[in-house]
Amino acid sequence: DAGITQSPRHKVTETGTPVTLRCHQTENHRYMYWYRQDPGHGLRLIHYSYGVKDTDKGEVSDGYSVSRSKTEDFLLTLESATSSQTSVYFCAISPTNEKLFFGSGTQLSVL
Amino acid sequence: AQSVTQPDIHITVSEGASLELRCNYSYGATPYLFWYVQSPGQGLQLLLKYFSGDTLVQGIKGFEAEFKRSQSSFNLRKPSVHWSDAAEYFCAVGVNTGFQKLVFGTGTRLLVSP
């Protein structure tokens, strides 16, 4: 998966608890993304980063925050998880304008 | 806003038969178009992309796609399907902001019958 590690791979949590998902890359790529994948919706962009401490919102950013303090790490935080945030979360990285490389995903269940 | 439509949720093809997966996009400018494939439990892998130039693009694993501006389409084709092609396929349009922000279609699941 092009030097991308997502952790954890699976997580079950309860409504109202905070959750942080981590994306770690070894490629030194500038751009990093968080997508969620849901049946019938394909992949939807949550947040993205175009450099250290440079982030912006995607189309489904409500309820999520991100941080990027180092080039290699991009964290996605659910401040207070809800059942609607049960999903598969994918991190992606990109060096330029060419293509995205995806991680293997994190399956999150909010009960 | 840009959008992508993949009208077929599931498609079943016999092994050795030809394949065409449909993709229509909506975008005001010249689009960057992509096809990605996702095997079960895995992330997405790029099959091919169109940025400009020749409207018939070749990708990995024997796939090709043709950009037709008049039809706002970017259909994926393969002349002879193998059982290992069973997966979910996503079409995406890229917004040219200097880096790739992709809008994905809802995907087409390909089943390959013996």
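By convention in this document, chain letters (A, B, ...) are assigned in the order of the sequence lines, proteins followed by strands, and residues within each chain are numbered from 1.
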How about B:Ile9: does its CD1 atom have over 12 heavy atoms from other parts shown lying under 6.0 Å from it? no
Under 4.5 Å between side-chain heavy atoms, counting indirect links through other Ile/Leu/Val/Met/Phe/Trp/Tyr residues: same cluster for B:Phe74 and B:Tyr27 or not? yes
Please check if B:Ile60 and B:Val57 belong to a single hydrophobic cluster, counting links between Ile, Leu, Val, Met, Phe, Trp and Tyr side chain heavy atoms closer than 4.5 Å. yes
Single-linkage hydrophobic cluster, 4.5 Å side-chain cutoff, A:Val12 and A:Val88 together: no
Under a 4.5 Å heavy-atom cut-off, does chain B meet the side chain of A:Arg9, its backbone, both or neither? side chain
Here the gap from B:Thr106 atom OG1 to A:Asp38 atom CG, rounded to the nearest 0.5 Å, amounts to 12.0 Å
Under 4.5 Å from any heavy atom of chain B - which part of A:Leu43: both
Nearest 0.5 angstrom please: A:Phe90 CZ to B:Gln38 CD, how far? 4.5 Å
Between A:Val60 and A:Met32, is there a shared hydrophobic cluster once you connect ILVMFWY residues whose side-chain heavy atoms come closer than 4.5 Å? yes
So do the side chains of A:Leu100 and B:Leu102 get within less than 4.5 Å of each other, counting heavy atoms only? yes
Please flag which part of A:Gln6 lies under 4.5 Å from any non-hydrogen atom of chain B: side chain, backbone, both or neither. neither
Can you confirm whether more than 12 heavy atoms, excluding those of A:Glu14, are under 6.0 Å from its CD atom? no
What's the separation between atom CZ in B:Phe104 and atom OH in A:Tyr35, rounded to the nearest 0.5 Å? 5.0 Å
